[in-house]
Amino acid sequence: MTNNDQHVKLESNDAYIWIETPEPFDFMVNLDYLQRNPKECMYDITDGIITRVIDIAGERVLVRIDSPDNRKLRVQFLSDASLPTRKMVVAYIWEWFDLSMDLSGFYEWAQYDPLLNEPVERFYGLRIMGIPDLFETLCWGILGQQINLGFAYTLKRQFVEKYGDAITFEGMKYWSFPSYESIAKLSPTDLSDIKMTIRKSEYIIGIAQLMATGQLAKKKLLSLGDFKQIENALVAIRGIGPWTANYVMMRCLRFPNAFPIDDVGLHLALKQQMGLGRKPTKDEIRKVSVNWKGWEAYATFYLWRSKY
DNA sequence: GACCAGGGGTGCC
DNA sequence: GGCACCCATGGT
């Protein structure tokens, strides 16, 4: 939580907080990823400036993030926040942009990989933009199961606007994700009016209940340590299969070797990069990903970006 | 009206 | 563990 202190100048009366980012980092490339879908409801991006709420243990802080030099992150606080809270907001942003990850080991070989050399050059400085909150990641993963992304964003927006809270600033609403405490109290039919299937409602409410009782928590998962143990613990939960487990380990738990191999987006990107004319089989994917050795999550993320 | 979409559960072998 | 089958719902 404090490993980023050395990169941050923090004084309580500063108008801005600056975050030094490690090489390689390209703010615009990461911003382009965040802007991949106009239906996104968890933040606004206008003229290269991100505005969003960051939830710190129930305290909702509205911030703006930009980067005049495309390298350092500039954070402006639009809500009053104590110094400890500001530090936690910075830690959140640090994690959001995956700034603890040393990418040199990835670029070292990826620039020579026949499927990755193009994406790696085109998106140089891209990091896996994560979802630090476990409940939000799990919900997003389940919402996205077996439906097109456009509809998934619609579902998320309806879910957030019905059960989340908003801060209004200069006429705009900025949302925070619904808490698992509030979702744990719902019954599956409560969500049917926002076009969520009963099955998905059951999954999400069940997970909210596991988190509300403390049986499921990010720290608890991470404390298991071993990759396979964490994956098994996730898959044991109803509604979480191999794809969702690896998706969560990739975007929330920050395992660079997480690999959602069943992902349709990955399949389509590989179809294009491999020039197949059809989606690759699982065996073909296993074959071409042998060299990705421990960087499967980053390989997947760059391939996702490549299919545009 | 097919077919597809950033899958998962269940039952069977 | 691997496989077939069912499940829902909006987009195209």
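Order of the sequence lines sets the chain letters (A, B, ...), proteins ahead of strands, with each chain counted from 1.
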- Sequence neighbours excluded, the answer for ring-ring contact (aromatic ring centres under 6.0 Å, His included) partners of A:Tyr203 is none
- Task: Taking side chain to side chain contact (heavy atoms under 4.5 Å, CB included) as the test, write out the residues that go with A:Pro24, two or more places apart.
- Result: A:Leu103, A:Tyr107, A:Tyr124, A:Arg127
- Query: Over how many whole Å does the gap from A:Ile147 atom CD1 to B:dC4 atom C1' extend?
  - Reply: 12 Å
- Heavy atom of residues 255-264 of chain A under 4.0 Å from DNA chain B: which residues? A:Asp262, A:Asp263, A:Val264
- Query: Apart from A:Tyr112 itself, which Ile, Leu, Val, Met, Phe, Trp or Tyr residues share its cluster (side-chain heavy atoms under 4.5 Å, direct or through members)?
  - Reply: none
- For A:Leu266 and B:dA5, give me the distance from atom CG to atom C1', rounded to whole Å. 15 Å
- Cluster membership besides A:Val264, Ile/Leu/Val/Met/Phe/Trp/Tyr side chains within less than 4.5 angstrom, sorted by chain and number, is A:Leu268
- Query: CG of A:Leu234 versus C1' of B:dG7: gap in Å, rounded?
  - Reply: 15 Å
- Query: What nucleic acid atoms does A:Gln145 come within less than 4.0 Å of, heavy atoms only: base, sugar-phosphate, or nothing?
  - Reply: sugar-phosphate
- Query: If you look only at pairs with a residue in residues 254-265 of chain A, which of them pass as a side-chain hydrogen bond (donor to acceptor under 3.5 Å, both in side chains), with sequence neighbours excluded?
  - Reply: A:Trp243-A:Asp263, A:Asp262-A:Lys282, A:Asp263-A:Trp304
- With sequence neighbours left out, what residues match A:Asp190 under side chain to side chain contact (heavy atoms under 4.5 Å, CB included)? A:Tyr163, A:Leu186, A:Ser187
- Name all residues meeting the side chain to side chain contact (heavy atoms under 4.5 Å, CB included) criterion together with A:Ala81; count only those two or more places apart in sequence or in a different chain, and write none if there are none. A:Val61, A:Phe77, A:Thr85, A:Arg86
Considering only nitrogen or oxygen atoms on both sides, find all protein atoms under 3.5 Å from nucleotides 9-13 of chain B and state each distance.
unit_1: B:dG9; atom_1: OP1; unit_2: A:Gly239; atom_2: N; d: 2.6
unit_1: B:dG9; atom_1: O3'; unit_2: A:Arg238; atom_2: NH1; d: 3.2
unit_1: B:dT10; atom_1: OP1; unit_2: A:Arg238; atom_2: NH1; d: 3.3

- Query: Which is the 5'-most and which the 3'-most nucleotide of DNA chain C that has an atom under 4.0 Å from a heavy atom of chain A?
  - Reply: C:dC7 to C:dG11
- Query: Which other residues belong to the hydrophobic cluster containing A:Ile167, where Ile, Leu, Val, Met, Phe, Trp and Tyr are joined when side-chain heavy atoms lie under 4.5 Å apart, directly or via other members?
  - Reply: A:Val53, A:Leu62, A:Leu78, A:Phe169, A:Met172, A:Tyr174
- Task: Return the minimal non-hydrogen interatomic distance between A:Ala245 and A:Val235, and the atom names on each side.
- Result: CB-CG2, 3.8 Å
- Message: How many whole angstroms separate atom CG of A:Asn37 from atom P of B:dA5?
- Response: 17 Å
- Looking at residues at least two apart in the chain, or sitting in another chain, which of them share a side chain to side chain contact (heavy atoms under 4.5 Å, CB included) with A:Lys39? A:Asn37, A:Tyr153, A:Thr154
